[in-house]
There are 2 protein chains.
Amino acid sequence: MAPEPSVLVALASPRRREILRLVWREERTAGAIHRAMPDVTFGAVSLQLRTLEEAGLVESRGEKQFRFYRARREALGALGEMLERMWDDALWRLKLAAQLEETRRGPRPGPQRAQAQQKRPPRKK
Amino acid sequence: MAPEPSVLVALASPRRREILRLVWREERTAGAIHRAMPDVTFGAVSLQLRTLEEAGLVESRGEKQFRFYRARREALGALGEMLERMWDDALWRLKLAAQLEETRRGPRPGPQRAQAQQKRPPRKK
DNA sequence: GGTGTAATTTAGAATAAACTAAATTAATAG
DNA sequence: CTATTAATTTAGTTTATTCTAAATTACACC
């Protein structure tokens, strides 16, 4: 399966990836999705849902006055597995950070090797 | 391998995908890349190359006053195969269109089923 | 030193994307 | 029909990206 460019565009936005993750394993209404993202308006969520649906990343069904959205995982193929790894990694990193925070009793400086800002020359040799 | 978000952002731009395709199979100098894209300035190409390199999609080496760029295919994994399919598909579509154009002797109307612009209601049922 | 070629960088302009607030549409319940 | 809830759409603003033109850096050669 060759992805349409619109898929790549859709996945480039953190907001859209967040929405996609929310409907990855279970369908949710537009409202439930919005409630999970309190920092943005309902309208904005609706627009992003449209973008995701037009890219074929989610599909929806209407029931009563609700609209349920879910990810079209099967349409994503390997790209889907990649996203899952990405989300798992992020979780893992969060956990690790929490552990570090907890283990840190008293001010332990630790090795801080700051990456020096480099102004790269047109060539190295 | 979980992709960094920066990879997804980098792949969302048609311009950057074009550059990536140019250095996919063989390395090229920044100048050669620019020559293959006459509609944009050298400076713009250089900026996009930087974005691609920071995302880890290309790497470069300097030689004389030149800088050679090449895709880091191995770093892309399944995403790389997807891009290849995408490019092949695009080629295939171009070829098909050319054939159609050639075969079309005289004005043959053909079945034109225009997609009606739909203003979707919040629900269907 | 100076000239030519290659590439990068900067500042600012043009373009595109995302968001908000308000208006609108749909359906349900009374 | 009216009120309520859910969602979408529109118009306009904000923000981010992409581009250009000009200046700058790097290297080779004379």
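So you know, we letter chains A, B, ... as the sequences are listed, proteins then strands, and number each from 1. The analysis underlying the following values was restricted to heavy atoms, covering all of them including side chains, and did not include hydrogens, waters or symmetry mates.
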Distance in angstrom units between [X] [atom1] and [N] [atom2], rounded:
| X | N | atom1 | atom2 | answer |
| --- | --- | --- | --- | --- |
| A:Glu53 | D:dT9 | CD | P | 10 Å |
| B:Phe68 | D:dC27 | CZ | P | 15 Å |
| A:Leu47 | D:dG12 | CG | C1' | 13 Å |
| B:Glu54 | D:dT17 | CD | C1' | 14 Å |
| A:Phe66 | C:dT25 | CZ | C1' | 16 Å |
| A:Arg16 | C:dA18 | CZ | C1' | 9 Å |
| A:Arg28 | D:dA6 | CZ | P | 16 Å |
| A:Arg67 | D:dT8 | CZ | C1' | 10 Å |

Please confirm whether the backbone N or O of [Y] pairs with a side-chain atom of [X], one donor and one acceptor, at under 3.5 Å?
| X | Y | value |
| --- | --- | --- |
| B:Arg72 | B:Glu59 | no |
| A:Ser13 | A:Val9 | no |
| B:Arg28 | B:Leu22 | yes |

Select base, sugar-phosphate, or nothing to describe what [X] touches, counting heavy atoms under 4.0 Å on all strands.
| X | answer |
| --- | --- |
| B:Gly43 | base |
| B:Ala30 | sugar-phosphate |
| B:Arg35 | nothing |
| A:Val40 | sugar-phosphate |

Discussion item. One pair to check against side-chain contact (heavy atoms from CB on, under 4.5 Å): A:Leu11 and A:Leu83. What are the steps and the verdict?
Written reply: CA-CA 9 Å; A:Leu11 290 179; A:Leu83 286 171; 3.9 Å; yes

Worksheet item: Is it the case that one hydrophobic cluster holds both A:Val45 and A:Trp24, taking links as side-chain heavy atoms less than 4.5 Å apart, direct or via other members?
Response: yes

When you get a sec, tell me which of [options] is the closest nucleotide to the side chain of [X]?
| X | options | result |
| --- | --- | --- |
| B:Ala44 | C:dT20, D:dC19, D:dT9 | D:dC19 |
| B:Ser13 | D:dA7, D:dT18, C:dA7 | D:dT18 |
| B:Gln65 | C:dT28, C:dA6, D:dA7 | C:dA6 |

Below 4.0 Å: OP1/OP2 of [N] and any side-chain N or O of [X]:
| X | N | value |
| --- | --- | --- |
| A:Tyr69 | D:dT8 | yes |
| B:Arg50 | C:dT9 | yes |
| B:Gln48 | D:dC19 | yes |
| B:Arg15 | D:dC19 | yes |

